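The shown structure was predicted, so the numbers you read here are calculated from the model rather than taken from an experiment.
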Amino acid sequence: MSTPTLPRPARAGAIPAAPRPAVPADGPAPAPGPAPTASRARHRAGFWLVAAAFLATMAFSTVPAPLYPLYQAADGFSTFTVTVVFAAYAVGVALALVLAGHVSDWLGRRRVLLPALGLELAAAALFLSGTGLATLLVARFVSGLGVGMLTATATAHLAELHAAHRPGDAGHRPQVVAVVANIGGLGAGALAAGALAQTGVAPLRLPYLVFAALLLLGVAGVLVAPETVRRPATRPAYRPQRPRRSGGDPAAQRLAYAAAFASFAVFGVFTSVAPGFVGGTLHHTSRLLAGLVVFVVFGAAAGVQAATTRVRPAARLRAGLAAQAAGLVVLTTGMLAERLDVFLLGGLVTGAGAGLLFAAASGTVAALAAPHRRGEALAGLFLVAYLGLSLPAMGLGLLARAVPQATAMALLAGALLVLLAALAVAARRTRSPRRP
């Protein structure tokens, strides 16, 4: 998922993950940028250490993707069961987003990052403990909780560390690094897990052992990184993060929410069902190839988001609609014709389109919202996005029980094309706001 565009200095760009809530006027504020050179150097080092922990966490969250066919072979899981396991992750992310996505604004960034990394380590231990369905469901849910806590907090921490290191710098480094760590990490995790499993050495254990070690290094990095939030003398009363209307044009907000749903639908399908299609229908059993399929989609999404940080949301929306629609047609053609090269090309184009769509959606909602309500408005966007992540994938799994998987994908692609066409019509009637 994408990191939304936020008010400076916490401005960060595009997907999935979760928004940084706005801090009320009477609430805590980030510590001011330090003047001494040594302190600035510490914040610079902290920036890269937090980025590395962010990358490791997001990468770990997609480790199971290329391994699902192995779980299916070991325990006889159906395609639908795989999508249910994947949905458990999306539920965990959404729940953490609502309950804990905003508390680092007064508790401090490190006080949230460290428990989030602890949850990921607990998930790794669960994955290592067995391959049963109950174990996988709990492990994926716990991993989702950690990701939901970490993404908003890490994005805010990166922006603040950069601001402390380079006061007054309006550059795009935090935005680009957040995109690479977030979406790039999702793709890199699947690719690395596929490569490790391909060695044949304990394929359902080695990837988790390697990433557990990387997560431990992430914990050490966060412990070293400076804190950037002053804790208030009186802690604000806790309440869950409440999504609310962002203000401005309600039609533009509805358009953004629908675009977020459509874009995350693609990510959900590729991280749950696509590796099984490549290994089953196409008879390519390479785990490295299964990881590459996921990497292509997320890599394309991260690349276009990082390359279009200065592009207005309206332009991103138009380009994203066209690219995702074209990509879905190519992708479905590849599945029906059982052509791996066409399937991968479709994934590349579809991923790029989905990345642009979500970048446009998050930019639009951030622009519509009042500064002190931007976090709550973006929370609504991400909740809708995570519905898109899980529901279409589960629908595809259900359809695959009655019809061939390629046919099920064609039906899903048709539904998404109808949604994209409706979005294109709505976009012509809706005036997009300027970026904040």
Side-chain angles (χ1 to χ4, degrees), residues 60-92 123-124 126-144 186 189-209 211 266-297 331 334-335 338 340 343-344 347 389-409 411-412:
F60 174 73
S61 72
T62 53
V63 165
L67 308 181
Y68 284 137
L70 298 180
Y71 285 115
Q72 288 180 280
D75 292 89
F77 295 159
S78 67
T79 299
F80 176 68
T81 302
V82 170
T83 62
V84 171
V85 172
F86 176 76
Y89 166 79
V91 171
L126 285 167
F127 280 120
L128 289 166
S129 70
T131 61
L133 177 58
T135 300
L136 291 182
L137 285 169
V138 175
R140 287 301 277 160
F141 177 74
V142 171
S143 179
L186 293 170
L191 185 63
L196 290 168
Q198 189 63 29
T199 65
V201 179
L204 292 179
R205 298 180 62 83
L206 181 60
Y208 298 112
L209 288 170
F211 274 90
V266 172
F267 299 132
V269 167
F270 268 86
T271 48
S272 60
V273 176
F277 170 76
V278 171
T281 304
L282 299 184
H283 308 295
H284 293 284
T285 58
S286 167
R287 293 303 94 215
L288 177 59
L289 179 60
L292 179 63
V293 168
V294 179
F295 175 78
V296 162
V297 176
L331 178 70
M335 293 187 76
E338 299 187 7
L340 178 63
F343 177 76
L344 287 175
L389 192 76
S390 55
L391 293 182
M394 291 184 66
L396 182 60
L398 276 173
L399 283 172
R401 301 177 71 177
V403 298
Q405 197 172 45
T407 304
M409 183 61 204
L411 293 172
L412 176 62

message: In the structure I gave you, are the side-chain heavy atoms of Thr131 and Leu204 within less than 4.5 Å of one another anywhere?
response: yes

message: To check you understand the geometry: which heavy-atom pair defines the closest contact between Ala192 and Phe211, and what is its length?
response: CB-CZ, 4.0 Å

message: Please give me the minimum heavy-atom distance between Leu67 and Pro207, naming the atom from each residue.
response: CD1-CG, 4.3 Å

message: Looking at every non-hydrogen atom in both residues, tell me the closest pair between Pro66 and Ala190 and how far apart they are.
response: CG-O, 3.4 Å

- request: Ignoring hydrogens and angles, tell me if any N or O in the side chain of Ser143 forms a donor-acceptor pair with the backbone of Arg140 under 3.5 Å.
  value: no

message: Any heavy-atom pair between the side chains of Phe295 and Leu186 that's under 4.5 Å?
response: no

Interatomic spacing from OG1 in Thr81 to OH in Tyr71 - rounded to 0.5 Å: 14.5 Å

task: Compute the centroid of each ring, for Phe277 and then for Phe343, and state whether the two points are separated by less than 6.0 Å.
output: yes

Heavy-atom pair of closest approach, residues Leu389 and Ala90: CD2-CB, 3.9 Å

query: Is there side-chain contact between Pro64 and Tyr89, with heavy atoms separated by less than 4.5 Å?
result: no

task: To the nearest 0.5 Å, tell me how far Leu396 CG sits from Leu391 CG.
output: 12.5 Å

query: Taking side chain as C-beta onward, heavy atoms only, is Met409 less than 4.5 Å from Leu331?
result: yes

- request: To the nearest 0.5 Å, tell me how far Thr199 OG1 sits from Arg287 CZ.
  value: 12.5 Å

task: Nearest 0.5 Å please: distance from the CG atom of Leu128 over to the CG atom of Leu206.
output: 10.0 Å

field: Leu191 CG to Leu288 CG distance, which is reported to the nearest 0.5 Å
entry: 6.0 Å

Test side chain to side chain donor-acceptor pair (under 3.5 Å) applied to Ser286 - qualifying residues, sequence neighbours left out: Gln198

- prompt: Taking side chain as C-beta onward, heavy atoms only, is Val91 less than 4.5 Å from Ser390?
  reply: no

message: If I compare all heavy atoms of Gly347 with all of Phe270, which pair ends up nearest, and what's the gap?
response: CA-CZ, 3.7 Å

Any side-chain heavy-atom pair of Leu133 and Val85 under 4.5 Å: yes

message: Once rounded to the nearest 0.5 Å, what's the spacing between atom CZ of Phe86 and atom OH of Tyr68?
response: 7.0 Å

message: I'd like to check Val269 versus Thr83 (side-chain heavy atoms, cut-off strictly below 4.5 Å). Are they in contact?
response: no

Side-chain touch Leu136/Phe127, heavy atoms, less than 4.5 angstrom: yes

message: If I compare all heavy atoms of Val294 with all of Pro275, which pair ends up nearest, and what's the gap?
response: CG2-CG, 4.0 Å

